[in-house]
Amino acid sequence: MASKLLRAVILGPPGSGKGTVCQRIAQNFGLQHLSSGHFLRENIKANTEVGEMAKQYIEKSLLVPDHVITRLMMSELENRRGQHWLLDGFPRTLGQAEALDKICEVDLVISLNIPFETLKDRLSRRWIHPPSGRVYNLDFNPPHIHGIDDVTGEPLVQQEDDKPEAVAARLRQYKDVAKPVIELYKSRGVLHQFSGTETNKIWPYVYTLFSNKITPIQSKEAY
């Protein structure tokens, strides 16, 4: 009988290093990295029905509501029934977590706890290429040419909500919404919390956790 498929979720505030951790998990363990932000951009670009619905909220700087995100993610998960996956950016709310429950059981949830000062510093150094969602950090992942996207040569922007005064509000909002989701997974015994200021120091613990659940596809210790 085939080994059970691994269903994992990563939680963390903006600037917590989720993208980097997801990339490493995908590379080392062969999990599909399923990012709600990525799927939203793809659907908006393709003018799908869900993309059009989401666009109306994004253009007004509003959060995309649960029913839109849930519909989008359910159809993506439906297409990946036979794969190990890692969800990033979903479920964000208790309503989304309950919708996910209806189609599968989550085996592993990672929550990244990063001090506020670290998040503020990271986000103030963060520049984005809006069409692709590529993120650069001037300290540890700078673009080859300052202010320019490596792939397209288009200009990078700093988002309004990455500016220090907005970071505190985003973090408060994240904590309010994420708390019941974290409590839910904690009560099920699948939550693993990692604290620190450096992704490279958190990563070995994440690697060990996944190694106990699924065989790494890279034989040597992760880098």
Side-chain angles (χ1 to χ4, degrees), residues 5-16 18-23 25-26 30-112 123 126-135 149 151-152 154 156-157 159-162 166 169-171 173-182 184-185:
L5 290 167
L6 186 64
R7 308 292 189 215
V9 169
I10 186 163
L11 304 170
S16 59
K18 284 202 311 283
T20 306
V21 172
C22 288
Q23 233 174 347
I25 291 169
L31 272 74
Q32 291 288 320
H33 173 202
L34 310 182
S35 156
S36 59
H38 171 74
F39 293 136
L40 271 176
R41 283 189 296 275
E42 294 282 295
N43 276 266
I44 289 168
K45 215 186 318 184
N47 296 320
T48 66
E49 192 189 338
V50 175
E52 289 295 321
M53 286 161 75
K55 193 174 171 184
Q56 292 170 15
Y57 293 94
I58 292 168
E59 281 174 349
K60 294 176 189 152
S61 297
L62 297 170
L63 281 177
V64 179
D66 280 3
H67 71 272
V68 178
I69 288 279
T70 299
R71 187 172 149 193
L72 168 73
M73 295 306 288
M74 291 301 133
S75 80
E76 293 294 343
L77 293 174
E78 192 61 38
N79 298 335
R80 293 170 171 78
R81 286 188 151 197
Q83 299 172 347
H84 298 288
W85 47 245
L86 171 66
L87 285 176
D88 168 13
F90 181 90
R92 253 195 189 131
T93 65
L94 195 54
Q96 292 175 13
E98 287 164 349
L100 182 59
D101 274 350
K102 292 191 174 90
I103 64 155
C104 72
E105 198 179 309
V106 172
D107 307 301
L108 200 55
V109 179
I110 299 166
S111 176
L112 301 177
L123 291 172
R126 183 159 95 154
W127 290 76
I128 286 180
H129 177 244
S132 68
R134 266 187 293 282
V135 177
D149 178 50
V151 179
T152 63
E154 292 168 345
L156 301 174
V157 300
Q159 293 181 309
E160 282 301 318
D161 56 4
D162 281 348
R170 286 174 79 194
L171 190 58
Q173 184 192 39
Y174 167 79
K175 284 186 165 168
D176 290 346
V177 173
K179 197 176 175 195
V181 179
I182 288 170
L184 174 75
Y185 290 128

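Reckoned from all heavy atoms, side chains included, excluding hydrogens, waters and symmetry mates.
Heavy-atom neighbours of R41 CZ from other residues, nucleotides or ligands within 6.0 Å: above the threshold of 12.
A heavy-atom distance below 4.5 Å is found between the side chains of E52 and N47. Using a 4.5 Å heavy-atom cutoff, the side chains of M74 and K102 are not in contact. Taking the side chain as every heavy atom from C-beta outward, S75 and F39 never approach each other to under 4.5 Å. Taking 4.5 Å as the limit, some side-chain heavy atom of L87 sits within range of a side-chain heavy atom of L100. Using a 4.5 Å heavy-atom cutoff, the side chains of R71 and E49 are in contact. When side chains are defined from C-beta on, H129 does not count as touching V151, because their heavy atoms never get closer than 4.5 Å. Inter-residue side-chain proximity for I69 and R92 is flagged as unmet; no heavy-atom pair is nearer than 4.5 Å.
Atom CG in D107 sits 11.0 Å away from atom OH in Y185 (nearest 0.5 Å). The CG atom of L77 sits 7.5 Å away from the CZ atom of R7 when rounded to the nearest 0.5 Å. Rounded to the nearest 0.5 Å, atoms NZ (K18) and NE2 (H33) are 8.5 Å apart. Summarising the geometry, atom CG belonging to L184 is positioned 14.0 Å from atom NZ belonging to K179; distances are rounded to the nearest 0.5 Å. Here the CD atom belonging to Q32 is positioned 10.5 Å from the CG atom belonging to L86, to the nearest 0.5 angstrom. The CD atom of Q173 lies 8.0 Å from the CG atom of D176; values are rounded to the nearest 0.5 Å.
The side chain to side chain contact (heavy atoms under 4.5 Å, CB included) with S36 is formed by just one residue from the set E76, Q96, M73; it is M73. In summary, of the residues considered (V181, I110, V109), a side chain to side chain contact (heavy atoms under 4.5 Å, CB included) with V9 occurs for V109 alone.
Of all heavy-atom pairs between V157 and P130, the closest is CG2-CG, 3.5 Å. For the residue pair I10 and C22, the shortest heavy atom distance occurs at CG2-SG, 3.5 Å. Of all heavy-atom pairs between L112 and S16, the closest is CD1-O, 3.6 Å. In terms of heavy-atom proximity, G12 sits nearest to Y174 at N-OH, 3.0 Å. Considering all non-hydrogen atoms of both residues, S111 and I182 come closest at OG-CD1, 3.8 Å. Contact detail for P14 and L123: the closest heavy-atom pair is O-CD1, 3.6 Å.
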